[in-house]
Amino acid sequence: MAFCTGCSLLCDDIEVDFEGAKVKKTMNLCRKGRAHYDSLVVDRLAPAVDGTPATIDESVSKAGELLAGAEKPLLFGWGNSTLAAQQAGIRLAKKLGSVIDDPSSYSQGMITEKILKEELPSCTFDDVRNFADVSIFWGDDPSSSHPRHLSRFSYFPRGEKRQRGYEEDREAIVIDVRKSPTAQIAADGFFRIPPGGDAEFAEALMATLGGKIPKVEDKKRMLNLGTKLRKAKFGMIFTGLGLAHSMGGDLDAFFSLVGKLNEVSRFSVIPTLGDYNTRGFNQTLFDETGSVNSVSFGGGVHHGPEFGIAKYLDSCDAVMVVGADPIAVLPAPLAKKLAEIPMVAVNSHRTLTTDAALVTIPIGVAGLEAGGSGLRSDGVGVEFDAVVKSDYLPDVEVIERITEAV
Ligand code: SF4
């Protein structure tokens, strides 16, 4: 069996036949996973320095020179890197005395950090499959982003205590600003909130659970929801970017609600993380520094929002982006700022970010062309082998060579 590193579910039941690097036949891949496998022969990155084709050695040497010569370098990305490459990245950040950060600093890092600090209850996807009876998807649309989430774990499967599956044993509730594909499955369990209305909804639900009349239009529906959540035997909340972005840096209302839910019932949280090894980076950095992102190794270990990419771009003078495409996702003014900073891009494929980089260094796709290990978004560790022959270097080797070149 092969793994899929197309998202943070890290599906481990993939069967695949190749003809060279081209996929001939597969079993169990979702459409996103299939596109991930098919991408092996599409738009691969080539080594280059200043737009001119170079050898890997020349690119690595230029990357080392650029980072060593910078006063305030930033090492960013890491969610699509193996655990070994993430550890090597932290060693490089220490050597440079630089800042290291990942996209969780502007998404779900606060939720993951609370889980790692054991201030927010969590569990594994296998617990979800076996025991969960009520699942809330909050600002989260796994039917689109993690297509096998509902079929492998959270809604459709039979489990140890959930033999009758979704027909009788499971209920899905979706809180979102639009009727997403996941919300369509939840049918009458869909609660539409206005953009930015998450904190208000959380507070209304808190009031309901506390026995008060909620200040919402449809009081009856909110009271029914409160009753349903109280009766849950093994409740889950899956959080998505919608929740994190709506509440910005202040998730207190959400955290208080989870606390309240655990006074009257039992609820755990698993964030639905995008890149396959986001949890791996957050946990590796947390084990080392006590923080999941936005860490500076300049003169000791410091942590704070000023070391998150959104703020640090104002002062940094060189960036290395590994396995990420921030120029495609950051707001335009930030993306523009990033594109103007001398940049090294390490990636398997061409992206908007690699196109803006001064130095590009290609790597093999982890789990397909290179072995390694990672953590699913529930924190369960997996180890994978390469399933197809490739001349691309594994990510860890490239990061180690850049470290030597610094
Ligand atoms: S759900 Fe994610 S890990 Fe599973 S096959 Fe689809 S893309 Fe790959």
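All ligand and atom numbering here is 1-based and tracks the order in the structure.
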Acceptor/donor pairs from residues 396-406 side chains to any protein atom, 3.5 angstrom cut, sequence neighbours excluded:
from, atom 1, to, atom 2, distance (Å)
R401, NH2, D57, OD1, 2.2
T403, OG1, I399, O, 2.7

Pick, from C11, C7, S145, the option with the minimum heavy-atom distance to atom 4 (Fe) of ligand 1.
C11
Just checking, any donor-acceptor pair under 3.5 angstrom between side chains of D198 and S246?
yes
Any idea which protein heavy atom is nearest atom 6 (Fe) of ligand 1, and the distance to it?
C30 SG, 2.2 Å
Backbone of R31 reached by a side-chain donor or acceptor of H36 within 3.5 Å:
no
Does NZ or CZ of R162 come closer than 6.0 Å to the centre of the six-membered ring of F131, within 45° of the ring's axis?
no
For a side-chain contact (heavy atoms from CB on, under 4.5 Å) with L75, tell me which candidate from D102, V344, L96, V322 qualifies.
L96
For L10, the ligand 1 atoms whose distance to one of its heavy atoms is below 4.0 Å
3 (S)
A student checking ligand 1 against R148 at a 4.0 Å heavy-atom cut-off should list atoms 1 (S), 4 (Fe), 5 (S)
Counting heavy atoms only, which part of T5 comes closer than 4.0 Å to ligand 1: side chain, backbone, both or neither?
neither
Quick check: does C4 put an N/O/S atom under 2.8 Å from atom 6 (Fe) of ligand 1?
no
